[in-house]
Structures are given as C-alpha cells and as structure tokens.
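What follows is a single structure, written as structure tokens, with notes after it.
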Amino acid sequence: MNFTRGGAPAILELLARMNADNTARGMMRVAPQMFDVSKESDATLNLYGLKRDDNKSFAWQCLVARRLVEHGVRVVELIDTGANDNWDAHGNMEEHRPKARRADLPLSALIKDLKQRGMFDETLIAICTEFGRTPFSDGAGRNHHGTAFSCLLAGAGIKGGVTYGETDEYGLGIVSQPCHVHDYHATILHLMGIDHTKLTYRYGGRDFRLTDVHGKIIPEVLA
Amino acid sequence: MNEEHRVNRRQFLNYALTGCATTMLGPVTKLCLAAELHNGHPLAPKLTHHPAKAKNLIFVFLTGGFSHVDTFDYKPKLQQDHGKEIPAWENTTQPAMGSPFNFQEFGESGLMISELFPHLGGVADDLCVIKSMHTDLVEHFQATLAMHTGSATVPMPSIGAWLSYGLGTENLELPSYMVLCERIPYSGSQVWDSHFLPPVHQGVRVIPGDEPVGNLKSPARSLKLAELERIMLHDANELHARRRPGDFGTACPNER
C-alpha cells in the first residue's frame, strides 16, 4: 500500500518508523554479507594484499568499499587513521612511511579491481587530506600548510595521467590554476550529476548549499 | 504468511523498472516508477540536474595532512636548496628541507610520484593530481571539517549527506552513506553528520573489526523467527495506518 499518494496526509510518524524498521532489517540481512570478504577469490585478496582472516586493515576497508558500491551504496568514505598517529609529521618525515605503506597498495588495488569489474567508469574516487605541509623544516618534519597541497581524483568522468595547477619552485604558494576546497566539492558534485548551486536546503530562513556562495567546477580535469 | 504473496505488486513494479531501464521510457518515468516502488521512501533515487558521469563516490580521507612535496608535487629546487634559507611568511625566511624520499616518473603520462606510493604510481595513468589545492584553515579539526562540509564555522552537512539528499540511493537495504573508520577522526562524527538535512542522510559509521556495525545480530533465536516477527509487526502497522487514513492523533499515541 501507499501512504503518501493522492494528497491525503500520511501517517508520517508511523511511515518513518516502518521505513526505519525495514532499513534495520535490511542492514541485519545484507550488511554482514558486505563485511564478510571470505568468499572473495585468492586473486582478489592478493591484489589488495589482504589475508583471508583480516577484517580490520585499510586493505579490508578498500575491498569492502568496492563491495558496498557494487551493492548500490551511493557514497562510501574511507578514513585511514584517527586524530593521532596519522600523517601529521611534525617531528620526522619518515613517519609518513608506515602510513603510506598501509594505504598505497590497497588504493591501487581498489582502482584495478573497479576497472576489471567495469565499475571504474561509473565510480568516482577522491583521495584527499585536510592540508599540506611546509617546504621548510619543523625539526625533521614539516608544519601545517593550507596555502598549497595536493589531492587526487580518479575514475568516472576524470582525465587520467594529468595534473592540474602548479605550485612555486618550493611548493609554498600556488602560481597557476588554484583549486579551493569549494572547487573540489563543486567538481565532485558536477560529476555526480548535481549542480552545486542548485542543491540547496532551506534552514533557519535561508537556502544553504555545500559550497556556500563559492565553488567553481574545474573543467580541465573532466574527461 | 508468505512473503511472495505479499509483494506481487512490488515484484511487478520491480520487473517494470528493470525492463524500462533498457527501453525507451524516459528518465522521469523511470524515477516515478522507482519512487512508487519504494513507497515514496526518502532515499528513493532522484533525478539529477544533468546526466551523471559517476553513480557512486568513494571518498578517501588520509588523515593529518600528508605532505604534498613528499608525495605528488615534486620540487627539484627544494632538494637543491636543502638547508638554505628560503622565503616563508611575511618577509621571513626558513631553512628549506628537501624531501627525504625519491621521486620517479610513472606510466606513459610520466607523473612524478615519490617512493611512498609505488603502487599508486602503477596506476598513474588513471590519476588526476590536483597540485593547487588550498584551504582557509591550518588546524586539523577545522580543516578536516572544511574538507567534508565546506565550513569550519557553522555546522554543515557532510558532502556524503548532501549527495544522499540530492541523489537518493540504489539499495534501500543499506544506508546511502557509509563511513569506514577504525578510529575517530578530527572533529569526530561531525565529519559525516547530516546536520539540518533529514537524519536519514547521515553517514553510518562502520568500525573495521569483529562488530563493524552494532546490533546487527538479532537477539531472536533464529533469523526465520526474527523475520516472521518483523512481518507481523509490519502488517500490524499497515493495518493500523490503513484504518486511520490521515489520522495523526492515533499514529503513535505513546509518543505524543
């Protein structure tokens, strides 16, 4: 039956509860299968560098991301570490090495896996961070640097093997084609079929959007 | 009670939807059918503003601010001038620090990537490196929020929540936005929050390990029993709603 058609007011609270029940039931039935990678082939597990009993590593996260996208989850986010012991290398740049070792192979595997399953053309991958680091030292490490940093895009609608924008000879400032965080967001939304200036929500008396009053799509990165 | 007898109409619509996906019916018809199929579910697929290149997004957040000059933005001059004073902020200088990592060209495109990411180097020809990112914030909590929500001052929904709101999702048995993270990031769950958007768009956190999402295992003895109970509850709710069309007062009397 349908509670919402024909202009009659729906029993909204009950409908919401029934939707929530169904989602919870769907989660109980489907989600455990999503997280169980034991039926993946040896070839796939090897591609990600994942041991069969591993249900925790970043490689597991990347493989589960593919499985979730395969089953229609619109947005999957992977966060590699937490608010400590992360890429925040103030003391020593060598601290980057274990983090990179953890992320590098699984991320490349995710791209290869999506390609071999024909999903790379309809999945957008954004690999990003919150800011970069100074070209000068802070001990043997580097300090925070918001003026210039690098982020990646790959997959659906993205030109591969290209760079966009340029920093100066030391990587301190931007000399051409700046891309603000809002521009990055606008470009992602564009590729997902959304005009970032039109996706609004009225709250507290005005229309809000992800990019506020900013954001421009970066056409040069589009395939 | 047999599930198959209950969903004949739904199955019909499902077939119709699958069928029309490959035939001449326009996108509007398809989406109307999809909404019908999902009983007007708030996460039912929605029409895009223009044809989408990407159906899904995988948003990978490497936490803490990885160094661009040690990964994807090769600066030979920085290597050469290691130890020299170079211009820094507002007429000050600082000693340059060359990268301790070696860079090499990868793929036909010849992207320069450091030894930290040899495997990503292997797929260099699929990568677009934006070397000119900039943000207004240089503190982790704020910059992490900005990267997710565009704002570090006013609480705003995450990009994943916005996309869920704008696009709906294809599988209503799973959340539209799922966040896999073992440890809490800077700014905590605010980074996947829906804030003023309906909470159905909020990211669901998945914690890698033995229990990725809490309470997925039913307390009922068997799945069969749990399923029968669920169907009974659903039917009771449906009957209740059908007998009281538009009656808000009797919808959930205990909570009013």
Side-chain angles (χ1 to χ4, degrees), chain A residues 4 9 11 13-14 26 30 35 56 61 69 72 74-75 77-79 81-83 86-88 100 104-105 108 111 122-127 129-133 136-137 144 146 149-151 153 156-158 160-161 163-165 169-171 174 178-179 181 191 193-195 199 203 210 221, chain B residues 40 48-49 52-69 72-73 75 77-78 94 97 109 116-117 119-120 123 125-126 128-133 135 138 143-144 147 150 160 162 166 169-171 173 176-177 179-181 183 186 196 208-209 212 241 246 251-252:
Chain A
T4 55
I11 300 184
E13 291 170 25
L14 185 57
V30 179
F35 303 137
K56 201 165 180 176
Q61 290 187 39
V69 164
R74 186 69 72 191
V75 181
E77 174 165 355
L78 307 176
I79 300 181
T81 59
N86 52 39
W87 294 83
D88 193 22
D104 179 38
L105 175 64
S108 70
I111 289 172
E122 48 190 39
T123 308
L124 176 62
I125 304 169
I127 302 176
T129 186
E130 66 262 42
F131 45 57
R133 311 202 74 84
F136 27 83
S137 64
H144 306 171
F149 63 108
S150 299
C151 290
L153 289 172
I158 285 291
T163 63
Y164 175 80
E169 56 192 355
Y170 295 117
I174 295 164
C179 177
V181 169
L191 287 162
I194 299 276
D195 178 340
L199 184 70
Y203 171 71
L210 174 62
V221 306
Chain B
T48 55
H49 295 138
K53 286 275 165 49
K55 273 196 338 195
N56 307 90
L57 171 66
I58 300 178
F59 190 87
V60 181
F61 190 73
L62 301 179
T63 314
F66 68 75
S67 168
H68 54 303
V69 293
F72 301 101
D73 196 3
K75 292 293 160 194
K77 178 85 166 135
L78 184 63
Q94 293 273 346
M97 187 173 83
S109 54
L116 289 177
F117 289 109
H119 293 101
L120 274 181
V123 293
D125 292 342
D126 293 315
C128 169
V129 181
I130 301 175
K131 294 183 176 179
S132 53
M133 291 292 302
T135 179
V138 285
T144 299
M147 205 62 209
W162 277 113
T169 191
E170 293 167 325
N171 183 350
E173 291 192 307
S176 51
Y177 174 27
V179 184
L180 282 68
C181 75
R183 293 191 281 132
Y186 295 111
F196 49 70
C252 297

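Here is how names work: the chains are called A, B, and so on, in the same order as the sequence lines, proteins then strands, and each is numbered from 1.
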### Task
Measure from the side-chain N and O atoms of A:E130 to the backbone N and O of B:G64, and report whether any donor-acceptor pair falls under 3.5 Å.
yes
### Message
Could you measure the distance from the CG atom of A:L78 to the CZ atom of B:F59? Nearest 0.5 Å is fine.
### Response
10.5 Å
### Task
State whether the side chain of B:N56 and the backbone N or O of A:G72 hold a donor-acceptor pair below 3.5 Å, judged by distance alone.
no
### Message
Can you tell me which portion of A:I174 sits under 4.5 Å from chain B's heavy atoms? Options are side chain, backbone, both or neither.
### Response
side chain
### Message
For the interface with chain B, which of A:S108, A:G26, A:A83, A:G165 has the highest count of heavy-atom pairs at distances below 4.5 Å?
### Response
A:A83
### Task
For residues B:V69 and A:R133, determine if any side-chain heavy atom of one lies less than 4.5 Å from a side-chain heavy atom of the other.
no
### Query
With chain B, which of A:G171, A:S150, A:A100 has the greatest number of heavy-atom pairs at distances under 4.5 Å?
A:S150
### Query
Looking at side-chain heavy atoms only, is the closest gap between B:Y177 and A:E77 below 4.5 Å?
yes
### Query
B:K77, B:M147, B:H68: which one forms the most heavy-atom pairs within less than 4.5 Å of chain A?
B:H68
### Message
Between B:V123 and chain A, with a heavy-atom cut-off of 4.5 Å, which part of the residue counts as in contact: side chain, backbone, both or neither?
### Response
side chain
## Note on the structure
Checked B:A54, B:P212, B:G150, B:S109 vs chain A; the most non-hydrogen pairs under 4.5 Å come from B:A54
### Point-to-point distance, once rounded to the nearest 0.5 Å, from CZ of B:F72 to CE of B:M133
13.5 Å
### Query
Going by the angle between their ring planes, with limits at 30° and 60°, are A:W87 and B:F117 parallel, tilted or perpendicular?
parallel
### Task
Would you mind telling me which of B:G160, B:S67, B:A143 has the largest number of heavy-atom pairs within less than 4.5 Å of chain A?
B:S67
### Task
Look up atom CG in A:D104 and atom CG in B:L116, then write down how far apart they are to the nearest 0.5 Å.
8.5 Å
### Task
Would you please classify the geometry between the B:F196 ring and the B:W162 ring as parallel, tilted or perpendicular, with 30° and 60° separating the classes?
perpendicular
### Summary
If one checks every heavy atom of A:F131 against chain B at 4.5 Å, the contacting part turns out to be both
### Task
Flag the pair A:L210 / A:L199 as yes when at least one side-chain heavy-atom distance between them is below 4.5 Å, and no otherwise.
no
### Summary
Rounded to the nearest 0.5 Å, the CD1 atom of A:I127 sits from the CD1 atom of B:I130 at a distance of 11.5 Å
### Interface residue of largest heavy-atom contact number with chain B, from A:T123, A:V221, A:I194, A:I111, under 4.5 Å
A:I194
### Toward chain B, the part of A:L191 with a non-hydrogen atom under 4.5 Å
both
### Message
Just so I understand: if I count every heavy-atom pair under 4.5 Å between each of B:N171, B:T144, B:T135 and chain A, which residue has the most?
### Response
B:T135
#### Entry: Proximal component of A:F149, with respect to chain B [non-hydrogen, under 4.5 Å]
both
### Query
Which one, A:C151, A:A156, A:P178, leads in non-hydrogen pairs under 4.5 Å with chain B?
A:C151
### Task
Go through A:H144, A:Q61, A:R74, A:K56 and name the one with the most non-hydrogen pairs under 4.5 angstrom from chain B.
A:R74
#### Entry: Heavy-atom pair count under 4.5 Å with chain A, highest-scoring of B:Q94, B:M97, B:K53, B:K55
B:M97
### Message
I'd like to verify something: which residue of A:I125, A:V30, A:V69, A:N86 has the highest number of heavy-atom pairs under 4.5 Å with chain B?
### Response
A:N86
### Selection from B:V179, B:D126, B:D73, B:D125 maximising heavy-atom pairs under 4.5 Å formed with chain A
B:D126
